[in-house]
Amino acid sequence: SIYLPQKLYGEVTSPLYPKPYPSDLETTTVITVPMGYRVKLVFWQFDVEPSEGCLYDYVKISADKQTLGRFCGQLDSPLGNPPGSKEFMSQGNKMLLTFHTDFSNEENGTIMFYKGFLAYYQAVDLDECASQPNSVEEGLQPRCQHLCHNYVGGYFCSCHPGYELQKDGQSCQAECSSELYTEPSGYVSSLEYPQPYPPDLRCNYSIRVERGLTVHLKFLDPFEIDDHQQVHCPYDQLQIYANGKNLGEFCGKQRPPDLDTSSNAVDLLFFTDESGDSRGWKLHYTTETIKCPQPKALDEFTIIQDPQPQYQFRDYFTVTCKQGYQLMEGNQALLSFTAVCQHDGTWHRAMPRCKIKNCGQPQSLSNGDFRYITTKGVTTYEASIQYHCHEPYYKMLTRAGSSESMRGIYTCTAQGIWKNEEEGEKMPRCLPVCGKPVNPVTQKER
Amino acid sequence: IIGGQPARPGNFPWQAFTTIYGPGGGALLGDRWILTAAHTIYPKYPNKGKNTNPRTLVFLGHTNMEQIQKLGHHPVRRVIIHPDYRQEEPDNFEGDIALLELENSVTLGPELLPICLPDNETFYGQGLMGYVSGFGTTGNRIPFHLRFVRLPVADREACQRWLWTKKDTSPFSQNMFCSGDPAVQQDACQGDSGGVFAVRDRNRDIWVATGIVSWGIGCGEGYGFYTKVLNYVDWIKKEMGDEN
């Protein structure tokens, strides 16, 4: 036998080709191409002594333990069994070419000379994933248990979701301990649904969508998990978690109610025991932007600017106070207030309160005093006081056309400042009164 | 005060008692200024006194000499002498006016009130009666109480003639006026200097300081001479500032 080096293509000739081949010869050329390829062979030249049944000289092609043909004669001659332009294909990566010659090449007593043959072979991709009816009939296992993927020179296997390819590269085993769903909507189901789910599952289906979205779950029919009439879910169970809270453990044939998880992260844990033939479960999950509760004023002086019928993630509202009131966050006075709807559906700041502005104790007036026009001791917005000078020794300085009483009235403004209508914040002044003795000199004697 | 009588509390609430080189008087303006005579601060004969650098003490608010001192003196922040005053000319009392600014404002009350300043010449008409008060001598003794005397504004020419008869060469300028009557022994005297000649403006029912006790020849023997405040009102107001 002659073993050709493994190549993707090449030529095979008869001995001495193109000179006449020798007599009494039997050689077998072994053509091998890389694994994952088949061998395709075509004869370009063929000149072998013709005979009935190719008994004398012949070329025999075999592959895969089968003979693909026995050929003799010439390409364009009806004598013998020439291969013509026929392409020969192996199933595997090996093809054998056996060349047999007898003791002589004579025709009607004349010695004939035959050149032999020139064949061209090439490696052709083997589609390992193609159906192999013969193999099935022969009881052979398919190459891949679930999915087969062919490529030039080879193939690989993969498994359906929830299954993991095993080390043999072909078989699949249930593996659902870390299934992740990140699309804003989709379907999640137990393995093989609606066919019975496999035993001994420890599945974790995690739904993780963008912050600010909330996940809704809607279970579909059929819903079927092994159950017991007296004990709650002793065999198999589906647990649902969101925000670290258990939303329920489900089994039986009654599908769970639609669930609004109020979370963007939901985990479904599905445990099964070693037996059972329930069909499992399937749910459709959808998402919507999370909503915050409608802001509510804590007092009648708070004004929520431009209130909206609904507030969702990243929406915000601003708060102001009625005139004369001050925004307060705890004990802290605020110049403005804005709250933003957070991804968890809460407001990032608590609603403030509006506290009435307080002007504080009125400034004391040198050589004068004040009294409350409004409620005594109350110094809040709209409170009024009247400053007066210590008469008759002092007199209030007033502008022309103004009276002391006008000049002395101060009102607590919305800005929390005592202000006079004419002079604003400027304090009144008490000036000494000259030349007005209380007890002037008099003389009764005349 | 010669020929006067004791004042009652509240009669002259502007009256100040000063001791610098000797006793003197003054009048309260506003609530932190004292109007007085320059010569009480810079006397014409400074070497006569023993104390060459005396403290300027100002007392207010009482008619009794002992009581007024018990009330405590009012510290002086600033002394302002009129620029026309000539200490070095013993017989010249031109510009005999000064202001003392107190450190703190005083609280006004029945016995402590300011006097007003004049605003026209009618306060200097001949015969217009005014009151002069002070803790000065009554002639031969120092009083324990504030005293006052009621005097008329005198005729300028009569006063000038009287000065000539006394062979006195002291200038009697337009910035002075005189009061009294040689026939009546009523006058201000030593210790009353700086006090004011107060006139009642009946129209406005206010008392006005028209003069400052300045100088005289003897006491109660003729006329007394006063600084004419009206001529210094602008200066006073300028020194006191707008806020006063």
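Values in this document were obtained by computation on a predicted structure and should not be read as measured data.
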B:Trp215 ring center within less than 6.0 Å of B:Tyr226 ring center: no
A:Tyr372-A:Phe370 aromatic ring centre distance below 6.0 Å: yes
For [X], is it the side chain, the backbone, both, or neither that has a heavy atom closer than 4.5 Å to a heavy atom of chain A?
{"X": "B:Glu111", "answer": "neither"}
{"X": "B:Pro13", "answer": "side chain"}
{"X": "B:Asp205", "answer": "both"}

Taking every non-hydrogen pair under 4.5 Å, which of [options] racks up the most with chain A?
{"options": "B:Arg8, B:Arg150, B:Arg204", "value": "B:Arg150"}
{"options": "B:Ala7, B:Ala198, B:Gly109, B:Pro9", "value": "B:Gly109"}
{"options": "B:Tyr131, B:Trp14, B:Phe148", "value": "B:Tyr131"}

Polar contact flag, side-chain donor to acceptor under 3.5 angstrom, A:His216-A:Glu288: yes
Basic-acidic side-chain contact under 4.0 Å: B:Arg77, B:Glu103: yes
Of B:Asp31, B:Val106, B:Leu29, B:Leu108, the residue whose pairing with B:Pro114 passes side chain to side chain contact (heavy atoms under 4.5 Å, CB included): B:Leu108
Cation over ring face, B:Lys228 and B:Tyr124, 6.0 Å, 45°: yes
For chain B, the option from A:Val433, A:Asn367, A:Val441, A:Leu397 that forms the most heavy-atom pairs under 4.5 Å: A:Val441
